[in-house]
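Computed from a predicted structure; not experimentally measured.
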Amino acid sequence: MQEPAAIVTSASALLTDAIGTVHTPCTTPARIVSLVPSITELICELGLAHSLVGRTGFCIHPRQVVQAIPKIGGTKDVNIEKIRKLAPTHLIVNIDENEKPTVEALAQFIPHVIVTHPLVPRDNLALYQLLGGIFAGQEKARELCTQFETAYAALDPAPASQQQVVYCIWQDPWMTVSRDTYIAAMLALIGWQTWSPTNSILRYPGFQWSSAMQHPIDRVLLSTEPYRFTEAHVDALEKQLGLPVQLVDGEMLSWYGSRAIAGLQYLQQLGK
């Protein structure tokens with residue numbers, strides 16, 4: 001398990017996003033468009049759902065709340081003109097999930113663009129503080145930090161189960177995750193090291209099953225998102241590979257933000 005990150009103390013550091021932009025606290029009613037499903041959920045958890053004026057079709061949590069928020073497309077194929085008509089003051093994006101040209105186009109008319117890019121679980125603490133600080137949700141952000149720390153501390157600091165796993169996010173073609181991703185960092189907390197092709201520099205590389213790569217693999221994980229793997233896929237792949245194959249909750253392992261707290265609790269059960 002990683003050592004706890006240093007506690008952020010300066011106001012500018014608290015309000016600095018993933019690309020180094022220092023934001024200022026919002027002093028007028030915010031109009032937020034979120035292009036990141038897990039961030040949309042976090043904004044709602046911070047008590048700021050009333051400020052959300054646009055979200056993607058993949059922003060599905062919390063269901064009862066987001067139903068009333070207009071959809072503006074997907075995470076990569078947004079409707080720019082629809083967003084323009086919503087007159088947002090703030091746009092929240094993620095480096096992995098959103099296309100840079102799209103974000104640059106939106107930045108032409110949205111005054112404040114907040115870029116997120118959590119890479120390890122403890123980056124959630126800074127994320128809570130960043131959004132809580134910008135949108136006057138500091139008290140709830142502190143509560144989330146406490147809940148996260150409690151869930152994190154409950155994990156075994158020295159997992160007994162050291163395994164190498166293939167975490168599958170897609171098939172046709174098969175795709176996995178590299179070790180510098182948030183998902184890999186989550187799994188590492190319970191001693192599960194993710195396999196990825198040695199000749200790839202991609203964060204989400206494609207691969208083909210082969211006897212050579214299967215030899216060091218202890219188990220295969222099929223994620224429920226973004227590809228909707230099911231138990232039927234598990235059964236078929238187990239017969240094909242002769243390896244243990246397990247269906248895992250992709251939201252619990254890949255969604256940062258407030259869901260990461262439940263994700264840590266899910267990890268605790270997964271590692272048993």
Side-chain angles (χ1 to χ4, degrees), residues 17-18 30-80 82-83 86 88 90-100 102-103 106 110 113-121 123-128 130-132 134-135 137 140-141 144 147-148 167-170 175 177 181-186 203-204 222-229 248-267:
D17 72 9
R31 295 179 60 81
I32 305 169
V33 167
S34 170
L35 302 187
V36 191
S38 55
I39 297 294
T40 299
E41 182 179 42
L42 174 57
I43 289 292
C44 293
E45 190 67 29
L46 289 169
L48 302 167
H50 62 279
S51 297
L52 280 167
V53 298
R55 49 117 182 170
T56 75
F58 299 105
C59 298
I60 58 173
H61 298 302
R63 293 186 187 277
Q64 295 302 315
V65 176
V66 300
Q67 285 178 354
I69 302 169
K71 297 179 186 178
I72 46 71
T75 54
K76 301 186 187 302
D77 55 345
V78 306
N79 187 322
I80 292 178
K82 189 170 185 178
I83 294 176
L86 293 171
H90 293 76
L91 174 71
I92 306 180
V93 300
N94 176 265
I95 288 176
D96 274 347
E97 297 191 47
N98 307 123
E99 302 286 353
K100 186 177 180 181
T102 300
V103 176
L106 292 170
I110 302 178
V113 179
I114 304 168
V115 181
T116 65
H117 192 43
L119 292 175
V120 297
D123 286 348
N124 282 291
L125 298 172
L127 183 62
Y128 303 156
L130 171 67
L131 297 179
I134 294 173
F135 300 114
K140 186 59 180 179
L144 290 175
Q147 293 171 25
F148 181 94
Y167 187 95
C168 301
I169 60 172
W170 205 263
M175 294 178 67
V177 300
T181 57
Y182 180 88
I183 293 169
M186 282 284 281
R203 288 168 55 75
Y204 302 97
L222 299 185
S223 174
T224 55
E225 71 156 47
Y227 190 92
R228 294 184 180 180
F229 285 109
V248 293
D249 189 325
E251 289 182 359
M252 289 298 179
L253 297 174
S254 68
W255 282 39
Y256 35 86
S258 49
R259 187 158 294 254
I261 297 166
L264 292 174
Q265 296 164 344
Y266 176 77
L267 269 178

Start with the C-alpha distance between Ile43 and Ser51, add both sets of side-chain angles, then the distance that settles side-chain contact (heavy atoms from CB on, under 4.5 Å), and finish with yes or no. CA-CA 9 Å; Ile43 289 292; Ser51 297; 5.8 Å; no
The test is side-chain contact (heavy atoms from CB on, under 4.5 Å); show your working for Ile72 and Thr56 and say whether it passes. CA-CA 5 Å; Ile72 46 71; Thr56 75; 4.2 Å; yes
Trace of the side-chain contact (heavy atoms from CB on, under 4.5 Å) decision for Phe229 with Ile169: CA-CA 8 Å; Phe229 285 109; Ile169 60 172; 5.9 Å; no
With side-chain contact (heavy atoms from CB on, under 4.5 Å) as the test, would you mind laying out the steps for Asn94 and Ile39 before giving the verdict? CA-CA 9 Å; Asn94 176 265; Ile39 297 294; 6.0 Å; no
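Leu106 has its side chain out of reach of Val93: every pair of non-hydrogen atoms, C-beta onward, lies at least 4.5 Å apart. In this structure, the side chains of Tyr227 and Cys168 stay at 4.5 Å or more apart for every pair of heavy atoms. Looking only at side-chain heavy atoms (C-beta outward), Phe135 and Leu46 stay at 4.5 Å or farther from each other. Residues Phe58 and Glu97 are not in side-chain contact: their nearest non-hydrogen atoms beyond the backbone lie 4.5 Å or more apart. Using a 4.5 Å cut-off on side-chain heavy atoms (C-beta onward), Leu144 and Leu42 make contact. Looking at Leu131 and Leu48, their side chains never come closer than 4.5 Å, going by heavy atoms from C-beta outward. Put simply, the side chain of Val66 does not reach to within 4.5 Å of the side chain of His61, judged on heavy atoms.
Residue Pro37 comes nearest to Cys59 through the heavy atom pair CA-SG, 3.5 Å, listed as atom of the first residue, atom of the second, then distance. Contact between Gly257 and Tyr128 at its shortest, heavy atoms only, is O-OH, 2.8 Å. Of all heavy-atom pairs spanning Leu119 and Asp123, the tightest one is N-OD2, 2.8 Å. The two residues Leu267 and Met186 come nearest to each other via the heavy atoms CD1-O, 3.2 Å. When all heavy atoms of Leu52 and Cys44 are compared, the pair lying nearest together is CD1-SG, 3.8 Å. The two residues Thr224 and Glu251 have their closest heavy-atom pair at OG1-N, 4.5 Å.
Qualifying side chain to side chain contact (heavy atoms under 4.5 Å, CB included) partners for Ser254, counting only residues two or more places apart in sequence or in other chains: Ile183, Glu225.
Side chain of Asp17 to main chain of Thr116: no donor-acceptor pair is present (N/O by atom type, distance under 3.5 Å, no hydrogens or angles). With hydrogens and angles ignored, the 3.5 Å screen pairs a side-chain donor or acceptor of Lys82 with a backbone N or O of Lys71. The backbone N or O of Ala260 lies less than 3.5 Å from no partner atom in the side chain of Asn124, so there is not a single donor-acceptor pair. Counting only distance, with no hydrogens or angles, the side chain of Arg55 and the backbone of Thr40 share no donor-acceptor pair below 3.5 Å. Without hydrogens or angle criteria, Thr75 side chain to Leu35 main chain gives no donor-acceptor distance under 3.5 Å. Looking at Arg259, its side chain never comes within 3.5 Å of a backbone N or O of Ser38 through a donor-acceptor pair.
Taking CD1 from Ile110 and NE2 from His90, the interatomic distance works out to 10.5 Å, rounded to the nearest 0.5 Å. Rounding to the nearest 0.5 angstrom, the gap separating the OG1 atom in Thr181 from the CG atom in Asp96 is 8.5 Å. Annotation: the span from Leu91 atom CG to Thr102 atom OG1 amounts to 10.0 Å, rounded to 0.5 Å. Ile134 contributes atom CD1, which lies 9.0 Å from atom CD1 of Ile32 (distance to the nearest 0.5 angstrom). In this structure, Met175 CE and Tyr167 OH are separated by 13.0 Å, a value rounded to the nearest 0.5 Å.
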